[in-house]
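Let me begin by presenting the structure, written as structure tokens, before commenting on it.
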Amino acid sequence: MEINFKDRDIISITDFCRDEIFYLCKKAKKMHDLEKNNERDGLLNELKNKALAYMFYEPSTRTKTSFITAMRQLGGSWDGFSGIEGTSVMKKETIRDTVMMMEANHFDVIVMRHPLGGSLQWAADVASIPVINGGDGENEHPTQSLLDIFTLYLLSDENLDGISIGFGGDLSHGRTIRSLSLALSCFKDITIRWAAEDFLGMPEDLVELLKSRGVSVIREKSVEDVMSRVQFYYMTRPQLERMGGITQKDVMEMMKKYRIDLKKVKESNVKLMHPLPVNSEIAEIDYEVYFDKSQAFFQQAENGVFLRKALLYEMLKGVESVQFSGKLNPLLEYGNNRLKRIIKENAKEGRKFIDNITNGTVVDHLLPGTEQKIVAELDLMNRGSSSIPAHLPKSGKSFLKTDLPELNERELKKITLISPEDTINYIKDGKVADKFVYLLCKNTNCVTRVVNEDIPPKFYEDSGTIRCRYCRKSYSITSKKVSQKEKEEFINSLPEGIEQIKFHA
Ligand code: CP
């Protein structure tokens, strides 16, 4: 198999296969050896005219710095932002427009971190230059998992099969556990053991996915049980910033039994890992353990430089600079989320209830009580639109009629956020001309749900499961109004897997 990282986006670890991960580990080992042999400067011309843009909407020390270090040591340059203050994101500039500005400034590659899941796939769709995911919400952090895997590779005599690893800390809200466990699933005979309170436990969908990829995932009663049965123990920081109303005090209570202290370490034989940072107040790893040089934490951090150096080299070496076109790929303007409903012959949706409309829109099958909210959200009363929101208690039907001939994407999204899976009917000359359900990803952290980002929702089909193109979470159609035939037709219309939307005009 030919391995080539040129012009490739690095969005999800599931886009890598076993051979590619081994290949990158070997390349990172070369970077490691050059460093240890004091030969680092020999690389100083490799990416001489290449430039890295960093776009960090969320804080970072290691990821951002190690990408910059990698670029510096390969002779390239870098610029960008850490935190949105001081950028035009404060003036409501979208992700799409900010990415375009990086291209207009002639960067060759973007590394980006963003709090919303799926934001990196969107950035990659927009950009003509390669995009690297530096962490998207709770979703993924693929280069962290690559550096973790590289650390395991070095610690296991360059063999990644048969590894047993324990997971601790926050297995639910962090992205490193998801990406690392999926990376490990590329190898044979992998066992993951974990112990945590339910709230911080491994998500069921992830466990199912790992099992389907041949990984043994075992929940143990205690950290001690885990640590006595594995070679490596991967501890993680409770991601307070992604826990909604939960306080640090609540988390400290939940973590009491699960913190890693010297006693636990002395009673076991494990090598400890942690993506860092450690929360110094919760101290999920006791500081006596943290500064124990035999553990792998700092090695992981340095390995991040070697791995990212290898990755940037593979992606950019010998690649021609992309000319800025200033054009946006027209394919990005359209989603594939309109589930077409079958229009019954002579259907005259506008006539059925309350009154008749000849031309306009009927939003039907609304959640009861949402019709007034939609009128307010769409500002229908102040727009001179004739609109009738209605709830019929007897039938339980809620719907909205308006003389607006069609709704735009923002309007459809606003309605769907309030009342998912309603049916939109466009009425022309007294007949239903179009009838569809506008599907919107149900992951509340998904970037496609942010109305003013203007991201048309897109889905793909993955072995019978509908997945959001952006955050890749599964979607199940719950509306009883949608028939099996309509569902099947929709699923059959979707692409199989993520398709490239590259556009170099
Ligand atoms: N491990 C990691 O991603 O660290 P930063 O948040 O400091 O980048």
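Ligands are counted one by one from 1 in listed order, and the atoms in each one are counted from 1 as well. All heavy atoms count here, side chains included; hydrogens, waters and symmetry mates do not.
- Atom 4 (O) of ligand 1 has Arg62 NE, 3.1 Å as its closest protein atom, hydrogens excluded (heavy atom only).
- Test Lys92, Arg410, Arg449 against Asp454 for salt bridge (Lys or Arg N to Asp or Glu O under 4.0 Å) and you get one pass: Arg410.
- Atom 6 (O) of ligand 1 has Arg113 NH1, 2.9 Å as its closest protein atom, hydrogens excluded (heavy atom only).
- Taking every heavy atom of Thr61 and a limit of under 4.0 angstrom, the matching atoms of ligand 1 come to 5 (P), 7 (O), 8 (O).
- Evaluated for a salt bridge (Lys or Arg N to Asp or Glu O under 4.0 Å) with Glu302, the options Arg308, Arg62, Lys36 yield exactly one hit, Lys36.
- Listed by atom number, the atoms of ligand 1 under 4.0 Å from Leu276 heavy atoms are 1 (N), 2 (C), 4 (O).
- Residue nearest to atom 1 (N) of ligand 1, selected from Gly135, Pro277, Pro275: Pro275 (by heavy-atom distance).
- Ring planes of Trp122 and Tyr470: perpendicular class, angle over 60° (limits at 30 and 60°).
- Shown in contact with Gln144 at under 4.0 Å from a heavy atom are these atoms of ligand 1, numbered in order with element: 1 (N), 2 (C), 3 (O).
- For ligand 1, the polar-atom distance check against His141 finds a nitrogen or oxygen pair separated by under 3.5 Å.
- Although no hydrogens or angles enter the test, the distance criterion places no donor-acceptor pair under 3.5 Å between the side chain of Asn105 and the main chain of Phe107.
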If you apply the rule salt bridge (charged side-chain N to carboxylate O under 4.0 Å, His left out), what do you find for Lys413 with Glu453, and how did you get there? CA-CA 11 Å; Lys413 217 174 252 192; Glu453 286 289 351; over 6 Å; no
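- Ring planes of Tyr290 and Phe297: parallel class, angle under 30° (limits at 30 and 60°).
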